[in-house]
Structure formats: structure tokens, C-alpha cells
Amino acid sequence: MSLVAAELEPTPLGPWYQGTASFFGGPQATAADTFKVTIDSGSCGYGGLDPKLWPFYNVVGLNPNNELIKTRPQGACGSCLEIECTGPRCNKNVTTLPVVITDSCNWDCNATNINMHVFAFEQLAPLKYGRTTVRYRLVTCTPADPIIVHIQDYRATLGGWIRLAFKNVAGDAGLTAVELASAGSDFRAQARVLNASSPWLSMANSFGAVWEASQLPEPPLDIRITNSVGEKVVIKNAIAVPGIVGDIETTPQFPVTNYKITEGINPNATLGINGTKGNRTARIRTPRTNRTALAVHPLPLPEAAVLRQQAMTAVT
């Protein structure tokens, strides 16, 4: 169960980048193409996503040559962006949108293109245009609930092997280390058995947001994760059942309020809509001992998406 707090706005973590936005999951070549109301597993390895939960339909894919992917852990999977529509095709009521990177886009995207789910794109611009100019920047993630452990594969025999990813990661959201240890064990004794200075077993980031390890400690397992600003979260007794797969709800979360906005001019900044130059970027404060994050109220689904879901349910 998550804590309920006042709604928090994402904090900027970097400069604006100029680019374009396209969409997937909706009419492409002809108006006869249907809308897809589900979110399939992307290249990040999160599995199928529930559009009724954060980040709803606000998911995107980026080209592997995008500058953000080159500098972010996990190939930027799980990182959050703020996208601002900048061209003449923009809707008047909504011009900015927070999104989460869950996929890549290779065949139809250049290095600065963002491929958005159709229900996210239509919040910024009419679908009839197909593409629109945007600018985007890295921001903190503000999920409403604690971290979810998504276990893809888990072999509990022959020394053990596991492959997993993390959804709903708040704050910086760029994971740089994932470690496993036997839950509730004598860490000093375990370290002697493993002939190591630490009882924690490091996992390897095999692709996207997916981490894996073999020769596992005895279950149940604790998980320790570290983000790119050095904050750590320990999920105690995270994996209680050997061989379990699927989504596991937890209670811990990274902080979302440790980021201080600082004003300044970025030498590589581009002109904004109002013609001014400069960026609001975040400087990380020293992490607090208490790393439980405040939660935010989830935003409702886009009205158009709700209506299409209802229509498809009536048909089936």
C-alpha cells in the first residue's frame, strides 16, 4: 500500500533536446487501422503493461542512437521524459506530457524521434498529422505506488538462475546496480561461506531494464537496488517463493523530493517557445536516511482512450 500525498510535478534533470514525435498503436496508413488498447512488452523487458496503472498510456520508444540513451543506465529504460509540443500542429489544451521509456524504435525513428503510444500522442497533437515537432528533457519519475519486481524467469534448481526487471521506479529511475542476498540471514556468516567481503550477489544488466544472475543465495531473497545518483533501496523478503514468476508488489520506493531545481543557462540549450534560452535543471541533494518516497495521485486515462476501451469491450 502506498502513501498518499499532494500531487508532485516531475523535476527537470537535464537540458531540453529538440526532436519530433510519432505514434504507434493506432491508425497509420489508413483510417481503417484499429486502435490497440493494450501495451505489449517492449524491448526494455517489462512484460505487458497495464494501461490502467501508472504510467497509463504515456509510454514511448527511442532510437538507440538518441543522446539520452547513450548516457543513461539500462539504455534509458524506465527513465522519464517531459515532452513539449512546439509546432503549429499542437493541441491548445495540452502542450506538455510526462512519459516513461519502455521500448526502442529502430526501423522508423531517427536519433531525435520519440515514438509515443497513440493515446499519449493525441494528447499533444491530432493524429491526422502523424508527426509533430517537440522538445523533450529528462525528469524525475513520480509513480503513485511502490516498486514492482517483474520476474521473467526463475530456475530454483541447479544452483538457481533468475532474470528480472523493476517497474514503478521513482526519482532518478536509472538503476546502476542490483544485488541479491538471503533474507534474514547472518550476513557475516554468509559472507564467509561465499568467501567474499559482502553477502550481496551482484546481478548483470543483460539488456534494457533486465538483470540476471546465477548461483543464487538461498531463498527467500532480499534485493538491493542502486540508482545513478547513489541512492539505495533494500526490498526485504522480495522473492519469498522459489521459482515464482510475474509481478511482485513491494512496499519500498526511492525518494521523489530529494531533487533541488537550480536556475542556469546551459551552453548547449536551445531556444524555447518564448524565445528565451536556458534550462531549469536539477542538482541532487545528499540522499536522506529515510528513502521512502511520497506517492502522487495517478492521472485519469485520456478520455479518448476510455471511450475506445468501452467501445471495444461492448464489441467483444
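- Listed for the Thr132 side chain is no donor-acceptor partner under 3.5 Å among the backbone atoms of Ala125.
- Shown are Asp103, Ile114, Asn115, Asn106; of these, the side-chain contact (heavy atoms from CB on, under 4.5 Å) with Leu62 is made only by Ile114.
- Under a hydrophobic-cluster definition in which Ile, Leu, Val, Met, Phe, Trp and Tyr are linked whenever side-chain heavy atoms come within less than 4.5 Å, directly or via other members, Ile148 and Val234 are assigned to different clusters.
- Note: Phe24 and His117 meet the aromatic proximity criterion, with ring centroids under 6.0 Å apart.
- Across all non-hydrogen atoms, the minimal contact from Pro220 to Ala240 is CB-CA, 3.7 Å.
- The shortest heavy-atom contact between Ala21 and Val134 is CB-CG1, 3.8 Å.
- The line from CG of Asn168 to CH2 of Trp54 is 6.0 Å long, rounded to the nearest 0.5 Å.
- In this structure, Thr95 contributes its side chain and Cys85 its backbone to no donor-acceptor pair below 3.5 Å.
- Contact check for Phe166 versus His150: no side-chain heavy atoms found under the 4.5 Å cut-off.
- Ser214 places no side-chain N or O within 3.5 Å of a backbone atom of Trp161 that could act as its donor or acceptor partner.
- Both Leu175 and Ile248 are members of a single hydrophobic cluster when ILVMFWY side chains are connected at heavy-atom separations under 4.5 Å.
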Problem set entry | Audit row: Asn63, Cys105, side chain to side chain contact (heavy atoms under 4.5 Å, CB included) steps and yes/no | CA-CA 5 Å; Asn63 186 288; Cys105 181; 5.6 Å; no
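- For the pair Asp247/Val149, no side-chain contact is recorded, criterion being any heavy-atom separation below 4.5 Å from C-beta on.
- Side-chain heavy atoms closer than 4.5 Å link hydrophobic residues (I, L, V, M, F, W, Y) into clusters, and following such links, even through other members, never connects Val256 to Val139.
- With hydrogens and angles left out, the side-chain atoms of Ser206 and Glu212 include a donor and acceptor closer than 3.5 Å.
- With contacts defined as side-chain heavy-atom distances shorter than 4.5 Å, the pair Pro252/Lys236 does not qualify.
- Between Ile225 and Ile147 there is a side-chain heavy-atom pair separated by less than 4.5 Å.
- Side chains of Ser22 and Asn113: a donor-acceptor N/O pair is present below 3.5 angstrom, by distance only.
- Contact check on Arg131 versus Asp108 returns a salt bridge, with a Lys/Arg side-chain nitrogen under 4.0 Å from an Asp/Glu carboxylate oxygen.
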Problem set entry | Working for side chain to side chain contact (heavy atoms under 4.5 Å, CB included), residues Leu180 and Asp222 | CA-CA 6 Å; Leu180 302 174; Asp222 290 344; over 6 Å; no
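- Put simply, the side chain of Thr96 never gets that close to the backbone of Glu84: no donor and acceptor are under 3.5 Å apart.
- No side-chain donor-acceptor contact under 3.5 Å links Asp40 to the backbone of Gly48.
- Leu138 and Cys80 make their closest contact through CD1-O, 3.4 Å (heavy atoms, listed as atom of the first residue, atom of the second, distance).
- Counting only distance, with no hydrogens or angles, the side chain of Asn91 and the backbone of Glu122 share a donor-acceptor pair below 3.5 Å.
- Using a 4.5 Å heavy-atom threshold, the side chains of Tyr154 and Pro219 count as touching.
- Between Leu201 and Ala213, the closest heavy-atom pair is CD2-CB, 4.2 Å.
- Looking at heavy atoms from C-beta onward, Gln152 lies in side-chain contact with Val210 at the 4.5 angstrom threshold.
- Contact check for Ser228 versus Pro73: side-chain heavy atoms found under the 4.5 Å cut-off.
- The stretch residues 60-74 participates, sequence neighbours left out, in these salt bridge (charged side-chain N to carboxylate O under 4.0 Å, His left out) pairs: Glu67-Lys70, Arg72-Asp172.
- Evaluation of the side-chain contact (heavy atoms from CB on, under 4.5 Å) rule for Leu97 yields Asn58, Val99, Met116, Ala120, Gln123, Leu124 as partners, not counting sequence neighbours.
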For this session: Run the numbers on Leu49 and Phe56 for side chain to side chain contact (heavy atoms under 4.5 Å, CB included), then give the verdict.
Result: CA-CA 8 Å; Leu49 298 175; Phe56 315 107; over 6 Å; no
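- Residue Val169 is not grouped with residue Leu53 when hydrophobic side chains (ILVMFWY) are merged at heavy-atom distances under 4.5 angstrom, including chains of intermediate members.
- To the nearest 0.5 Å, atoms NZ (Lys167) and OG1 (Thr102) are separated by 10.5 Å.
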Exercise. Passes side chain to side chain contact (heavy atoms under 4.5 Å, CB included), Ile239 versus Ile151? Steps please.
Worked result: CA-CA 9 Å; Ile239 305 174; Ile151 302 180; 4.0 Å; yes
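- Counting only distance, with no hydrogens or angles, the side chain of Thr226 and the backbone of Lys232 share no donor-acceptor pair below 3.5 Å.
- Contact detail for Gly78 and Cys141: the closest heavy-atom pair is O-SG, 3.4 Å.
- Without hydrogens or angle criteria, Asn227 side chain to Gly230 main chain gives a donor-acceptor distance under 3.5 Å.
- Arg155 contributes atom CZ, which lies 11.5 Å from atom CZ of Arg163 (distance to the nearest 0.5 angstrom).
- In this structure, Pro126 and Phe121 approach most closely via the heavy-atom pair O-CE2, 3.6 Å.
- Residues Tyr57 and Val118 form no side-chain contact, since every pair of their non-hydrogen atoms from C-beta on lies 4.5 Å or further apart.
- Hydrophobic clustering (side-chain heavy atoms under 4.5 Å, transitive across Ile, Leu, Val, Met, Phe, Trp, Tyr) groups Tyr17 together with Ile101.
- Applying the ring pair (Phe, Tyr, Trp, His ring centres under 6.0 Å) test to Tyr46 and every residue at least two apart in sequence or in another chain returns nothing.
- There is a side-chain donor-acceptor pair under 3.5 Å between Trp211 and Gln74.
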